[in-house]
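Small disclaimer: the values here were computed from a predicted structure and weren't measured. Nothing fancy with the numbering, it's 1 onward along the sequence.
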Amino acid sequence: MPLSWNEIKTRASAFSKEWQDESREDAEAKLFWDAFFNVFGITRRRIASFEEPVKKSDDKGGFIDLLWRGQLLVEHKSRGKSLDKAFSQAKEYFPGLKERDLPKYILVSDFSKFRLYNLESDNLESSEQIEFDLKDLYKNVKLFGFIAGYQTQVIKPQDPINIKAAEHMGKLHDALKAVGYTGHVLELYLVRLLFCLFAEDTTIFEKRLLQDYIETKTSADGSDLAHHLSSLFYVLNTPTDKRLNNLDESIAAFPYVNGKLFEESLPPAQFDSKMRESLLDLCALDWSIISPAIFGSLFQSIMDADARRNLGAHYTSEENILKLIKPLFLDALWAEFEKIKGNKNRLQEFHNKLRSLKFLDPACGCGNFLVITYRELRLLEIEILRTIYKVGESSKFIGADVAVIIDVDQFYGIEIEEFPAQIAQVALWLTDHQMNMRVTEEFGPYFSRIPLKATPHVVCDNALQLNWQDVLPPAQCSYVLGNPPFLGKQQQNENQKNDFELVFHDLHGSGVLDFVACWHKKATDYMQKNKAIKTAFVSTNSITQGEQVGVLWGWMLSQGIKIHFAHCTFSWSNEARGKAAVHCVIIGFGLHDVANKMIYEYADIKGEPHEIKANNINPYLVDASDVIIASSRQPISNVPPIVFGSMPNDGGHLLLEENEKEDLLAACPEAEKWIRPFLGAEEFINNKPRYCLWLVGCPPDELRKMPPVLARVEAVKAHREASNRPTTKQLALTPTLFGEIRQPKTAYLLFPSVSSEKRAYIPIGFLSANTIASNATLVVPNATMFTFGVMTSVMHMAWVRAVCGRLESRYRYSAGIVYNNFPWPALQANTHAAVEACAQAVLDARAAHPNASLADLYDPLTMPTNLLKAHHALDKAVDAAYGYKGAVTDAARVAFLFELYQKITSLLPIYKKPKKRKG
């Protein structure tokens with residue numbers, strides 16, 4: 001166990017005094033280094049060897065003065081000799097070492113000086129180095145925390161070692177699976193190895209205990225390695241006083257772990273030389289710098305070959321986890337600590353409060369959220385203890401075993417797969433030990449909870465079938481949190497669809513909801529038994545958009561749910577290779593209201609949010625009343641109706657690309673009058689020519705005179721007859737016509753149903769009745785210039801961004817949710833004319849660039865200045881038409897529009913913000 005820093009400093013001072021005598025000869029170098037390691041409470045011969053033979057870079061033989069494989073190389077010179085030369089000589093040994101034996105540090109000395117090189121930098125020549133005199137060793141002992149057993153590196157979520165570790169574990173997994181060691185036994189076997197690897201580098205085991213045991217006690221061909229590991233697992237599960245008294249000292253040195261991790265008897269595996277090397281490569285990694293929260297997800301991905309190709313794609317970064325736990329509880333706890341830290345009695349009460357908190361993650365996976373939550377609570381606890389037991393005051397530290405009261409048994413999880421559930425439990429134990437080392441470093445002496453006594457409550461079960469009360473009674477729960485799975489209906493397998501039906505069987509319209517909504521429903525039901533519970537989930541942003549809002553949040557609001565905080569849409573990105581990113585929201589909610597509500601908005605979904613204090617947060621995640629925009633068949637305002645364009649349902653046989661049109665006309669010139677321009681959203685925005693056969697009113701005799709056209713009609717008939725849908729089969733009776741015809745007979749306004757969210761304005765435009773609009777667009781027949789002006793304004797875009805559905809992150813415009821519920825301004829002659837004039841100016845600005853597509857004109861990087869100015873003028877005219885004088889932000893506009901919506905529909909009382917207090 002590590003010595004306290006104070007004891008190490010005392011030993012360092014004594015060491016320096018003993019070796020300041022210049023009469024000491026080089027022959028005593030071995031005694032010098034044995035004494036040096038003893039400063040840190042380490043027996044040198046256990047971990048490092050003198051005069052290690054090695055082949056140098058010039059292929060000549062040499063001897064390393066002292067080598068601790070994988071950690072430290074020491075080159076010692078006579079007093080006064082060049083330390084630069086010593087460093088150069090040390091580097092010459094590297095080619096002769098195995099990769100796993102390469103050191104992380106080089107230490108050179110001449111008895112009177114030390115120079116330590118940290119080789120963790122990418123360039124060996126630019127390695128960090130610190131030099132000091134022998135007499136100052138006591139001032140610099142923390143540089144050698146890696147010898148004493150203290151964590152000195154900063155854990156980096158994106159550190160390549162996390163992925164390297166997972167890849168090495170993946171090789172071992174594949175090799176074991178290849179010999180027939182599969183399923184539950186393989187998963188548990190790897191989890192046990194994972195624990196041992198962490199344990200060796202985090203002082204649970206002595207340093208190199210596992211690696212030395214494998215290297216010295218097992219055959220190079222790996223034939224007996226499985227037997228030794230089985231014996232090791234048995235020993236780790238056996239109290240020291242119940243072990244055989246004639247055990248080999250190399251295995252007897254392993255501590256009793258408990259925790260039931262090693263309790264189950266597993267069938268022996270089988271290793272060969274390559275598998276043994278893979279395990280030794282894993283031993284050589286520095287597991288002390290690998291975060292259990294990070295590695296859990298990476299480790300899980302090794303179980304699936306496809307997932308491993310995109311290794312880390314589903315890894316959840318600590319930064320993103322903190323986005324949830326900070327506003328859910330952590331910020332408030334720290335604020336409470338700052339408020340009462342001067343009162344020791346209240347501080348102790350606060351400490352006891354932390355011990356009483358209990359957390360449930362009902363989709364915990366590898367335990368990332370639980371691990372980070374536990375770590376953050378322990379860091380707060382350390383600050384509490386630091387405040388209570390201030391250095392220099394009369395209060396004396398009572399001992400970590402009494403003072404540290406937060407433990408892993410406060411954490412509960414539900415996970416459907418056994419392997420990640422095992423990982424979650426182990427990750428919490430390992431995090432506990434890492435935090436115990438922080439306590440040791442801060443307060444001393446060595447503090448460890450080995451053998452394990454407290455156990456996390458991670459249940460392997462289906463969270464949608466299980467009653468959460470059976471895992472953690474609501475009366476005992478403080479917070480529910482996590483990152484449940486996102487799956488649209490099309491992505492759900494049969495079992496998931498059955499689970500979905502089990503949760504939502506009594507909620508009308510639930511078929512539109514994402515799978516993640518199941519956890520919101522279950523959490524709301526769970527909180528009914530304890531309305532003090534707060535919940536926060538990461539979710540796909542689709543549950544705050546379009547028709548899902550009315551179904552899910554309509555029910556949740558009816559149950560009394562209030563939203564406490566929300567991160568608006570952002571990119572949930574990953575630091576590992578693959579970098580899978582989805583568009584997410586984080587919503588904190590409960591069955592009680594809170595005073596300090598916060599919205600976190602993102603100007604750039606890949607950037608940092610800015611905080612906005614809110615009086616109320618509605619399901620669209622804006623500061624407005626709790627309005628639910630239900631799908632409407634008719635516009636709530638007196639405006640022209642909007643409909644989808646015409647749907648061919650033809651198998652592509654009535655549609656023509658440019659070259660197909662030319663080929664058809666070359667073979668059948670008389671078909672020209674039956675060919676029309678055909679535009680979907682893609683063709684409209686990008687100015688791509690496409691055509692269709694529009695045979696409405698085509699006489700039969702004329703059709704029969706056009707064999708190439710008739711052949712296409714026959715293909716349409718065959719396509720429809722082959723369908724399983726009765727309605728499509730019925731359409732086979734009219735194969736000359738589109739399946740659904742909604743083409744206006746006069747000029748109309750076309751609106752793309754899907755368009756990029758990167759544009760400030762959705763490109764819309766007027767088209768003649770001769771151009772056929774596809775069902776990938778919406779059309780407004782009889783639209784006026786005023787209609788165009790309002791629909792292409794920033795006011796309308798604010799509404800779109802708030803309520804429309806999304807396809808990935810792109811806008812998915814709809815008639816029922818977006819257009820029909822949009823509150824239009826009252827018609828007034830003066831403002832009406834101003835909007836029309838500005839709308840015409842926008843069209844004129846477009847016309848000034850005849851060769852540019854709408855994609856070119858509305859790209860944020862290439863939008864012409866004249867068009868941008870025209871839009872800004874139009875925005876002002878539309879604001880005036882509304883009588884709007886509020887802020888220019890989307891949030892302010894949407895709040896205004898929601899209030900106007902309520903006035904028009906009279907669905908709910910108008911939400912009014914409280915007046916600011918004077919003074």
Does any part of the side chain of Gln902, heavy atoms only, come nearer than 4.5 Å to the side chain of Ser625, both counted from C-beta?
yes
Going by side-chain contact (heavy atoms from CB on, under 4.5 Å), name the residues that satisfy it together with Arg378, two or more places apart in sequence or in a different chain.
Tyr374, Glu381, Val404, Ile406, Asp432, Met435, Asn436, Val439, Phe447, Arg449
Minimum-distance pair of heavy atoms, taken over all atoms of Gly413 and Val471
O-CG1, 4.4 Å
Using modelled atom types only, decide if a donor and an acceptor are shared between the side chain of Trp553 and the backbone of Ile561 within a distance under 3.5 Å.
no
Under the 3.5 angstrom rule, does the side chain of Asn493 hit a backbone N or O of Gln496 as a donor-acceptor pair?
yes
Do the non-hydrogen side-chain atoms of Glu383 and Trp334 ever get within less than 4.5 Å of each other?
yes
So do Tyr412 and Val459 actually touch side chain to side chain, heavy atoms under 4.5 Å?
no
CG-CG distance between Asn616 and Asp626, expressed to the nearest 0.5 angstrom
4.5 Å
Compute the centroid of each ring, for His520 and then for Phe589, and state whether the two points are separated by less than 6.0 Å.
yes
Could you check whether any side-chain N or O of Asp514 sits under 3.5 Å from a backbone N or O of Val516, counting only pairs where one atom can act as donor and the other as acceptor?
yes
Does a sphere of radius 6.0 Å around CG in Asn498 hold more than 12 heavy atoms from other residues, nucleotides or ligands, not counting ones at 6.0 Å or beyond?
yes
Stepwise side-chain contact (heavy atoms from CB on, under 4.5 Å) check, Lys326 with Leu322:
CA-CA 6 Å; Lys326 282 171 63 65; Leu322 287 168; 4.0 Å; yes
Nearest atoms (heavy-atom pairs only) where Thr569 meets Val585:
N-CG1, 3.8 Å
For the pair Ser478 (side chain) and Phe359 (backbone), establish whether a donor and an acceptor sit closer than 3.5 Å, ignoring hydrogens and angles.
no
For residues Tyr526 and Cys477, determine if any side-chain heavy atom of one lies less than 4.5 Å from a side-chain heavy atom of the other.
yes
Heavy-atom side-chain proximity of Thr387 to Phe337 below 4.5 angstrom:
yes
So Glu418 and Leu188, side-chain contact (heavy atoms from CB on, under 4.5 Å) or not? Walk me through it.
CA-CA 9 Å; Glu418 180 186 12; Leu188 184 53; 5.8 Å; no
So, the side chain of Glu547 versus the backbone of Ser631: is there a donor-acceptor pair under 3.5 Å, distance only?
no
How far does OG1 of Thr203 sit from CE of Met437, to the nearest 0.5 angstrom?
3.5 Å
Work out which heavy atom in Gln422 is nearest to a heavy atom in Leu261; give both atom names and the distance.
OE1-CD1, 4.5 Å
Are the side chains of Tyr620 and Ile629 in touch, meaning some heavy atoms are under 4.5 Å apart?
yes
Applying side chain to side chain donor-acceptor pair (under 3.5 Å), name anything that partners Gln410, two or more places apart in sequence or on another chain.
Arg355
What I want to find out is whether Lys613 reaches Asp623 closely enough, with some N-O distance under 4.0 Å, to be called a salt bridge.
no
Between Lys339 and Glu336, does any NZ, NE, NH1 or NH2 come within less than 4.0 Å of an OD or OE carboxylate oxygen?
no
Can you tell me how far the CD1 atom of Ile533 sits from the CG atom of Leu591, to the nearest 0.5 Å?
8.5 Å
Please confirm whether the ring centroid of Tyr600 lies under 6.0 Å from the ring centroid of Phe570.
no
State the OG1-CD distance between Thr238 and Glu263, to the nearest 0.5 angstrom.
11.0 Å
Could you grab the distance from atom CD1 of Ile586 to atom CG of Leu328, nearest 0.5 Å is fine?
10.5 Å
For Leu194 and Trp287 the tightest heavy-atom approach is CD1-CZ3, 3.7 Å
So which atom in Cys364 and which in Glu415 form the shortest heavy-atom distance, rounded to 0.1 Å?
SG-CB, 3.7 Å
Between Trp429 and Ala454 (side chain of the first, backbone of the second, donor and acceptor by atom type, cut-off under 3.5 Å), is there such a pair?
yes
Can you find a heavy atom in the side chain of Phe350 that is under 4.5 Å from one in the side chain of Asn343?
no
Counting only heavy atoms not in His610, do more than 12 sit closer than 6.0 Å to its NE2 atom?
yes
Please check this pair: side chain of His564 against backbone of Lys534, looking for a donor-acceptor N/O pair closer than 3.5 Å.
no
Is the Phe515 ring parallel, tilted or perpendicular to the Trp519 ring (thresholds 30°, 60°)?
perpendicular
Before you tell me yes or no, could you show the steps for Leu357 and Tyr479 under side-chain contact (heavy atoms from CB on, under 4.5 Å), namely the whole-Å CA-CA distance, both residues' side-chain angles and the distance that decides it to 0.1 Å?
CA-CA 8 Å; Leu357 299 178; Tyr479 301 98; 4.3 Å; yes
Verify, without hydrogens or angle tests, whether His457 (side chain) and Leu472 (backbone) share a donor-acceptor contact under 3.5 angstrom.
no
Can you classify the ring geometry of Phe262 versus Phe233 as parallel (below 30°), tilted (30 to 60°) or perpendicular (above 60°)?
tilted
Short side-chain donor-acceptor distance under 3.5 Å, His583 and Ser542:
no
Can you name the closest pair of heavy atoms from Pro484 and Val538 and give their distance?
CD-O, 3.5 Å
Heavy-atom check, side chain of Pro619 versus side chain of Ile628, under 4.5 Å:
yes
Atom NZ of residue position Lys453 - does it have more than 12 heavy atoms of other residues, nucleotides or ligands inside 6.0 Å?
yes
Could you give the distance from CG (Asn483) to CZ (Phe537), rounded to the nearest 0.5 Å?
10.0 Å
Which is it for Arg438 and Leu379 under the side-chain contact (heavy atoms from CB on, under 4.5 Å) test, yes or no, and what are the steps along the way?
CA-CA 9 Å; Arg438 293 283 289 267; Leu379 290 173; 3.4 Å; yes
